[in-house]
Amino acid sequence: MKKRTTIIFILCITMASFGQSSMETDKLQIKELIIKSFDEIWSELNSKNIDKYYTKDFLLLEHGEVWNNDTIAKYLDNAKLRKPNPKRENKIEIIEIKVANGMAWVAYHNYATFSTDNTITRKAHWLESATAISTPNGWKLQMLHSTRIKND
């Protein structure tokens with residue numbers, strides 16, 4: 001009976017630690033998803049990467065506007081035509097990530113520095129939250145809510 005109880009106890013501990021490990025892996029993937037989506041969509045102005053990071057029904061809520069993937073693609077394609085095209089560098093500071101049942105939400109600060117010819121032309125700061133879902137192709141963002149923060 002003692003052996004049986006010990007084995008059950010060891011199995012429970014092992015499963016709990018596996019669950020924590022899986023949770024930490026998910027959190028790392030969510031953080032990478034946020035960072036890479038801003039780098040590969042918004043910094044590169046690359047509308048082809050939308051499907052890589054956003055679900056088909058993705059919504060961006062920013063400053064009173066609702067954008068979908070088509071709206072974002074049109075914006076990016078038009079932005080590419082403007083010259084000179086400033087370089088955008090992103091810095092993401094994660095506040096918190098919660099993961100449960102194939103869904104996640106994340107809160108973070110998003111800082112962007114825009115420069116042309118190695119001269120900073122603008123800095124921006126947003127407080128953002130996003131939801132993501134686990135898909136057969138990995139995590140994808142389903143919704144992003146963005147609030148602009150005034151620069152000092």
Side-chain angles (χ1 to χ4, degrees), residues 13-152:
I13 295 296
T14 303
M15 289 175 71
S17 66
F18 175 75
Q20 283 184 322
S21 175
S22 176
M23 181 75 68
E24 291 308 310
T25 300
D26 286 340
K27 286 181 177 184
L28 267 173
Q29 290 173 349
I30 301 295
K31 183 178 179 179
E32 286 181 19
L33 173 69
I34 296 293
I35 293 167
K36 287 182 178 181
S37 70
F38 277 100
D39 288 346
E40 295 183 24
I41 294 173
W42 297 98
S43 291
E44 294 178 11
L45 301 175
N46 190 340
S47 60
K48 290 180 174 50
N49 284 331
I50 289 171
D51 288 338
K52 183 176 177 181
Y53 295 104
Y54 298 165
T55 60
K56 297 280 184 215
D57 61 347
F58 175 84
L59 288 179
L60 167 63
L61 310 173
E62 180 166 1
H63 204 61
E65 295 182 16
V66 179
W67 290 21
N68 61 26
N69 290 343
D70 291 336
T71 314
I72 295 166
K74 286 177 190 170
Y75 172 84
L76 295 170
D77 293 344
N78 286 332
K80 278 178 116 170
L81 300 175
R82 288 184 234 131
K83 302 292 179 202
N85 243 328
K87 178 182 175 186
R88 175 183 171 148
E89 290 187 42
N90 305 296
K91 179 180 153 197
I92 304 294
E93 291 179 0
I94 300 293
I95 298 168
E96 189 162 354
I97 300 172
K98 297 279 187 180
V99 180
N101 302 321
M103 295 188 71
W105 66 258
V106 57
Y108 56 95
H109 288 277
N110 180 358
Y111 299 91
T113 303
F114 300 88
S115 58
T116 304
D117 298 326
N118 294 323
T119 301
I120 295 173
T121 56
R122 183 173 147 233
K123 290 185 177 188
H125 175 201
W126 300 268
L127 178 62
E128 299 182 336
S129 61
T131 60
I133 60 171
S134 181
T135 73
N137 297 320
W139 288 96
K140 287 193 175 193
L141 293 169
Q142 191 172 39
M143 191 275 303
L144 192 153
H145 184 254
S146 181
T147 302
R148 290 183 206 162
I149 305 293
K150 286 188 179 183
N151 289 325
D152 297 332

Taking the side chain as everything from C-beta on, heavy atoms only, tell me whether Ile72 gets closer than 4.5 Å to Phe58. yes
Hey, are the side chains of Leu141 and Ser37 touching, using non-hydrogen atoms and a 4.5 Å cut-off? yes
Within-4.5 Å side-chain heavy-atom neighbours: Trp42 and Leu76: yes
Find out whether Ile35 and Asn90 are in side-chain contact, i.e. whether some heavy atom of one side chain is under 4.5 Å from a heavy atom of the other. no
Between Asn49 (side chain) and Ile41 (backbone), is there a donor-acceptor pair under 3.5 Å? no
If every non-hydrogen atom of Leu144 is compared with every non-hydrogen atom of Ser146, which pair is closest and at what distance? CD2-CB, 4.0 Å
Which heavy-atom pair separates Phe38 from Arg88 by the least distance, and what is that distance? CD2-NH2, 3.6 Å
Looking at residues at least two apart in the chain, or sitting in another chain, which of them share a side chain to side chain contact (heavy atoms under 4.5 Å, CB included) with Lys48? Asn46
Quick one: side chain to side chain contact (heavy atoms under 4.5 Å, CB included) partners of Ile94, sequence neighbours excluded? Lys31, Ile92, Ile97, Val106, Tyr108
Give a yes or no on whether Asp117 atom CG has more than 12 heavy-atom contacts from other residues, nucleotides or ligands under 6.0 Å away. no
Regarding Asp57 and Thr55, do their side chains bring together a donor and an acceptor under 3.5 Å, going by distance alone? yes
Pairs in or reaching into residues 133-143: which pass salt bridge (Lys or Arg N to Asp or Glu O under 4.0 Å), with residues at least two apart or in two chains? none
Quick one: side-chain hydrogen bond (donor to acceptor under 3.5 Å, both in side chains) pairs with a partner in residues 58-69, sequence neighbours left out? Glu62-Trp126, Glu65-Trp67, Asn68-Thr71
Going by side chain to side chain contact (heavy atoms under 4.5 Å, CB included), name the residues that satisfy it together with Ser129, two or more places apart in sequence or in a different chain. His145
Which heavy atom in Ala79 sits nearest to a heavy atom in Asn85, and how many Å separate them? O-OD1, 3.2 Å
For residues Ile95 and His109, determine if any side-chain heavy atom of one lies less than 4.5 Å from a side-chain heavy atom of the other. yes
For Lys36, side-chain hydrogen bond (donor to acceptor under 3.5 Å, both in side chains) partners two or more places apart: none
Using every non-hydrogen atom in the two residues, find where Ala130 and Ile34 come nearest and quote the distance to one decimal. CB-CD1, 4.1 Å
So, for Phe114 and Ala124, which heavy atoms are closest and what is the spacing to 0.1 Å? CE1-CB, 4.2 Å
